[in-house]
Protein chains: 2
Amino acid sequence: MLRNLMAVTKALSDENRVRIMMFLSEDELCVCQIIELLGLAPSTVSKHLSILKQAELIDSKKKGRWIYYYLPDEGVPEIVTQAIEWLQTSLNKDKQIQGDRKQLKKVQKKSLEELCQAYVNGNREAA
Amino acid sequence: MLRNLMAVTKALSDENRVRIMMFLSEDELCVCQIIELLGLAPSTVSKHLSILKQAELIDSKKKGRWIYYYLPDEGVPEIVTQAIEWLQTSLNKDKQIQGDRKQLKKVQKKSLEELCQAYVNGNREAA
DNA sequence: GCATGACTTCGTTGATTGGCGAAGTATCAA
DNA sequence: TTGATACTTCGCCAATCAACGAAGTCATGC
């Protein structure tokens with residue numbers, strides 16, 4: 001139990017991972033959307049997601065060529081559900097999180113094909 | 001708010017600091033007692049305590065030559081009280097924490113003078 | 001099959017962090 | 001006042017960690 005709790009607190013001790021949790025509180029998202037939202041390298045985001053998943057704070061499912069991450073719905077230890085509720089109630093009115101939500105809405109308007117190729121092309125064009 | 005929350009999650013991302021929180025859930029303690037309980041150097045314990053206090057997870061008061069640390073009783077942000085409740089309900093039945101509580105009872109039977117000189121002499125004799 | 005694209009894994013690097021001892025501060029006792 | 005004690009601060013070291021790019025895996029579409 002202490003092991004599980006430490007996995008949760010360590011997972012939540014990084015700001016980008018907390019932001020991911022709040023993004024997923026709004027809706028399930030595929031990795032390329034999260035990459036766009038955080039503005040980090042794909043490998044970095046993937047690492048963050050694996051740490052959150054290890055702590056059972058998020059779950060994932062494969063749909064075609066995309067992998068969707070989402071908050072666990074049930075069958076998850078109480079430690080985890082309480083931690084998620086704590087996050088949500090604590091950060092609901094936070095300025096940065098509200099800004100993140102606005103950006104999320106913009107990102108969700110783009111199609112996935114447009115979005116995912118965008119970050120690749122974007123990097124190339126920027127170089 | 002995100003700042004406060006990150007301070008809390010970072011503070012709780014270390015196992016020794018979580019153990020301190022659970023010790024203080026039992027009773028207020030002075031630093032030398034916590035040093036004895038964790039088996040760490042005084043400077044290390046002091047650092048842990050300052051990190052927890054920075055996050056408002058604990059408070060302190062001076063009594064004579066000893067400084068007592070304790071869980072905050074009131075006037076503390078909801079983020080903090082919820083985090084403490086989460087810790088306590090999650091770890092109440094944890095094996096390691098239960099062992100810690102047994103050790104705490106032993107330590108509490110010693111007088112402070114005996115205890116605090118003990119760790120200094122202990123270190124010297126061990127060398 | 002064979003690209004292409006989405007994501008993960010691996011290896012490296014710079015920054016953060018937990019640990020310690022030594023030195024500093026403050027309180028108590030003689 | 002002087003020494004001892006409780007705790008903190010400082011400086012250092014080893015270990016951990018976030019970030020990245022490159023290479024690997026896996027599914028889709030031509």
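Quick caveat, the model's predicted, so the values are computed rather than measured. Lettering of chains follows the sequences in order, A, B, ..., and the numbering in each one begins at 1.
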End axis versus end axis in the helix from dG1(C)-dC30(D) to dA30(C)-dT1(D), the angle rounded to 10°, five pairs used at each terminus: 20°

Y69(A) vs dT8(C): side-chain N/O to OP1/OP2 distance below 4.0 Å: yes

Nucleotide-resolved protein contact map, nucleotides 10-19 of chain C, B/S/- at heavy-atom distance under 4.0 Å: --------SS

Interatomic spacing from OH in Y68(B) to CD in Q33(B) - rounded to 0.5 Å: 6.0 Å

Atom pair OG1 (T81(B)) and CG (L71(B)), whose distance is rounded to the nearest 0.5 Å: 11.5 Å

Between atom [atom1] in [X] and atom [atom2] in [N], what is the gap in whole Å?
X      : N       : atom1 : atom2 : result
E15(B) : dT16(D) : CD    : P     : 14 Å
W66(A) : dT8(C)  : CH2   : C1'   : 18 Å
Q33(B) : dT5(D)  : CD    : C1'   : 15 Å
L49(A) : dT8(C)  : CG    : C1'   : 11 Å
K53(B) : dT8(D)  : NZ    : P     : 9 Å
I67(B) : dT9(D)  : CD1   : C1'   : 13 Å
Q54(B) : dT9(D)  : CD    : C1'   : 14 Å

What pairs of donor and acceptor atoms, side-chain ones from residues 53-62 of chain A against any protein atom, are under 3.5 angstrom apart with sequence neighbours left out?
residue	atom	partner	partner atom	Å
K53(A)	NZ	S60(A)	OG	2.6
K61(A)	NZ	E28(A)	OE1	3.0

Least distance between heavy atoms, T9(A) atom then S13(B) atom: OG1-CA, 3.7 Å

Minimum-distance pair of heavy atoms, taken over all atoms of I79(A) and M1(A): CD1-O, 3.9 Å

N4(A) side chain reached by V8(A) side chain, heavy atoms, under 4.5 Å: no

Donor-acceptor contacts under 3.5 Å from residues 15-25 of chain A side chains, at least two apart:
residue	atom	partner	partner atom	Å
N16(A)	OD1	R19(A)	NH1	3.3
R17(A)	NE	A11(A)	O	2.7
R17(A)	NH1	H48(A)	ND1	3.1
R17(A)	NH2	K10(A)	O	3.2
R19(A)	NE	D100(A)	OD2	2.8
R19(A)	NH2	D100(A)	OD1	3.1
S25(A)	OG	M21(A)	O	3.0
S25(A)	OG	Q88(A)	NE2	2.9

side-chain contact (heavy atoms from CB on, under 4.5 Å) involving Q82(A) - partner list, sequence neighbours excluded: E78(A), W86(B), T89(B), S90(B)

All salt bridge (Lys or Arg N to Asp or Glu O under 4.0 Å) counterparts of E85(A), not counting sequence neighbours: none

Listed partners of R101(B) passing salt bridge (Lys or Arg N to Asp or Glu O under 4.0 Å), at least two apart: E26(B)

Restricting both atoms to N or O, compile the protein contacts to nucleotides 23-29 of chain C shorter than 3.5 Å, with distance only.
residue	atom	partner	partner atom	Å
dA26(C)	O3'	K62(B)	NZ	3.4

Among I67(B), L104(B), V107(B), the one residue meeting side-chain contact (heavy atoms from CB on, under 4.5 Å) with L29(B): L104(B)

